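Naming convention: chains lettered A, B, ... in sequence-line order (proteins, then strands); numbering from 1 in each chain. Any value given below was found using the heavy atoms of this structure, including those in side chains, with hydrogens, waters and symmetry copies removed. Computed from a predicted structure; not experimentally measured.
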2 protein chains.
Amino acid sequence: MKNNITMRDIADKLGVSSVTVSKALNDKDGVSDELKQKIKVLAEEMGYRYNALAKSMKEGLSYNIGVIIPERFAGMDHQSFYLNVYQSITRVLESHEYYGILHILNSKDEKQLQLPRIYHEKKVDGFIILGQISKEYIEKIESIELPKVFLDFYDEHADIDSVVTDNFNGAYEMTNYLIQNGHREIGYVGNLYSTSSIQDRFLGYYKSLLEHNLKLNETYILDDRDEHGSYIDIKIPDQMPTAFVCNCDQVAHNLIQKLTKLGINVPDDCSVVSFDNDVYATITSPGLTTVEVDIEEMASHAVNFILAKIKDETKSFGRVLVKGKIVYRNSVKKIG
Amino acid sequence: MKNNITMRDIADKLGVSSVTVSKALNDKDGVSDELKQKIKVLAEEMGYRYNALAKSMKEGLSYNIGVIIPERFAGMDHQSFYLNVYQSITRVLESHEYYGILHILNSKDEKQLQLPRIYHEKKVDGFIILGQISKEYIEKIESIELPKVFLDFYDEHADIDSVVTDNFNGAYEMTNYLIQNGHREIGYVGNLYSTSSIQDRFLGYYKSLLEHNLKLNETYILDDRDEHGSYIDIKIPDQMPTAFVCNCDQVAHNLIQKLTKLGINVPDDCSVVSFDNDVYATITSPGLTTVEVDIEEMASHAVNFILAKIKDETKSFGRVLVKGKIVYRNSVKKIG
DNA sequence: CTGAAAGCGCTTACAG
DNA sequence: CTGAAAGCGCTTACAG
């Protein structure tokens, strides 16, 4: 490091103390405006760069937040939805003079309950966990003393702060919309034993059926993935409903491809709605009517929570739901 | 910070000095094996966590690398190809006890030549710039004294280290492949004035034509995007070639959708090959024969270069090409 | 308004 | 093999 100008260098040139330089550069009281101005100008001239590390040392804060994404959510398979969320997170963090350090949690570490090195090296002041992790890993994470926030999933334990989309309500409104369009035989696509968001979306769908006095027909509930989360070939029932609620856009895409192959046209023969409004929503033909997850809002909540918890560790927010927004396209047909 | 155990705390409990603890924990010479063992056990017991910040301060290194992605490459539009690269980068960095800090460079900052705050705060020891930035911003980046590596693009200035896919060779081999399959009328899709990778791929395609004594037909060169990089409606020529080389999978996808609408079947009426092997390669029907960019290899090079330059600032690598690999699917038909 | 002193938690010579 | 001293670059009381 050659170009290493410190506050002391500036102080020496001006014949003042480094304390005064510190105050001036941080716009704190205790320096005359005149001197402050002089110092700022000289700092600029000398190409001074603030050393955030020193402040960190003093305060015991790294000003970094670790963002943990399980590797199965970070790959191509999931359309990097989570990477887009990560991007929003870093943007919000930056506006608070914080930075994100991404940690992809690989399956081996998850199984062996290995915490990321950024934890062991005190490189971060807290963790945002983005995407469902195993029960055991949740417990491991809980055991550490740093603030943490779960994003896009939650655990039955009430004492962990989490930010999730309002899956229940979104699916409920989606199903209502189908019913408004005359549909009475409505199926659901998603493995109910896979993730909590699939479950919640299912329950929202179910509530809408109940409210409208419609029977839940079990042959209309289709599996979309196996227990490891890998997508499987969707089995189309002999007896078809007039519409499907899919748990996500990618699955809707898979479903529509499958239906098309069987000569079933969407939306003419069968309507389809889904969740996420990711690339699959527009890539699919017809475009999908879907619930858009409010990524910005979720990221913003998660960041605000974690920063509040760093400042005051007694703060607690519980489970916070972020409402989605229906985006209308052409995958639903009015019938009846 | 309550649970703040330091080396000194361990030292005090054992009646030794913190120097000895430091040596023991870092497996350095100068401590008896016996004592070293004792120290390690106690550290574990006390829940000691190493403070990387202190080391950073001492050495003047943050052990972070800034990864700059222009925002236009980070959004949905580009299918987060770069976010996947970022993921590989962080993985390689972690294996070197380094961490990545992602900075999405927004268009305003790029225009105003605003350097990221992580630079001004000495939060990073170097930069990997991922994705083409403006000439002016390149100059700005060049002016800073930290090591930097350009990834997936390069500049005419020879003195900047960069890692890029071998676009020229990939397109050349792809076109050869089409010719082997009997094609003689081959088009190219991509705005030649947009990015250097589109240009290089075009030139590889052109070289293959030249080598096989095939004429370059200008009406077969189709624009895919405007000067801002936004995709445009592709204009299909009246006189069609029998095959197209597309500059990327997404554009191939757009092209195929367009052709399909016009009743032109791929690959029966027209073959298509492309670049990237991203989601669009498998989402498109038929699956695309395409060149896969070796993300791992590129990330690994970029990281190794930047770390080498941090250790020894005189190190220089120039422009390094990483070969891609053809993935064969069903978008090419043998003819003639 | 200005500054001397102490400290954040390590590591690097150097001395014993 | 072990440790006292100094220093990395700031900031926070506190004194003048």
Original post:
Going from NZ on B/Lys148 to CD1 on B/Ile129, what distance comes out if it is rounded to the nearest 0.5 angstrom?
Top reply: 8.0 Å
Original post:
In terms of the nearest nucleotide of DNA chain D, which residue is placed more toward the 5' end: B/Val31 or A/Leu53?
Top reply: B/Val31
Original post:
How long is the span from the OH atom in B/Tyr50 to the CG atom in B/Leu25, to the nearest 0.5 Å?
Top reply: 9.0 Å
Original post:
Do we see a donor-acceptor contact under 3.5 Å between the side chains of A/Tyr99 and B/Asn64?
Top reply: no
**OP:** Treat a base pair as Watson-Crick or G-U wobble with both distances under 3.5 Å, then lay out DNA chain D in dot-bracket form, 5' to 3', with | for cross-strand pairs.
**Re:** |||.||||||||.|||
**OP:** Just grab all the salt bridge (Lys or Arg N to Asp or Glu O under 4.0 Å) pairs involving residues 84-108 of chain B, residues at least two apart or on different chains.
**Re:** B/Arg91-B/Glu296
Original post:
Is A/Leu35 close to A/Thr20 at the side-chain level, that is, under 4.5 Å between some pair of heavy atoms?
Top reply: yes
Subject >> For B/Met57, all residues meeting side chain to side chain contact (heavy atoms under 4.5 Å, CB included), sequence neighbours excluded >> reply: A/Leu53, A/Ala54, A/Met57
**OP:** With sequence neighbours excluded, give me every ring pair (Phe, Tyr, Trp, His ring centres under 6.0 Å) pair touching residues 121-153 of chain A.
**Re:** A/Phe150-A/Phe153
Original post:
Partners of A/Lys323 by salt bridge (charged side-chain N to carboxylate O under 4.0 Å, His left out), sequence neighbours excluded?
Top reply: A/Asp166
**OP:** Could you pull out all residues at least two apart from B/Tyr154 that satisfy ring-ring contact (aromatic ring centres under 6.0 Å, His included)?
**Re:** none
Subject >> Which residues share a side chain to side chain contact (heavy atoms under 4.5 Å, CB included) with B/Leu93, sequence neighbours left out >> reply: B/Ile65, B/Ile89, B/Tyr98, B/Val303
Original post:
Tell me, which pairs form a salt bridge (Lys or Arg N to Asp or Glu O under 4.0 Å) where one or both residues lie in residues 11-27 of chain B, sequence neighbours left out?
Top reply: B/Arg8-B/Asp12, B/Asp27-B/Lys36, B/Asp27-B/Lys40
Subject >> Neighbours of DNA chain C within residues 32-45 of chain B, by heavy-atom distance under 4.0 Å >> reply: none
**OP:** Using the test salt bridge (charged side-chain N to carboxylate O under 4.0 Å, His left out), find all partners of A/Lys309 that sit at least two apart in sequence or belong to another chain.
**Re:** A/Asp161
Subject >> Heavy-atom closest pair, residues A/Val164 and A/Asp152 >> reply: CG1-C, 3.7 Å
Subject >> Selection: residues 9-26 of chain A, any non-hydrogen atom under 4.0 Å of DNA chain D >> reply: A/Val19, A/Ser22, A/Asn26
**OP:** Report the residue (B/Met57 or B/Gly30) whose heavy-atom-nearest nucleotide on DNA chain D is the more 5′ of the two.
**Re:** B/Gly30
**OP:** Extract, from 5' to 3' on DNA chain C, the first and final nucleotides lying under 4.0 angstrom from some heavy atom of chain A.
**Re:** C/dC1 to C/dG9
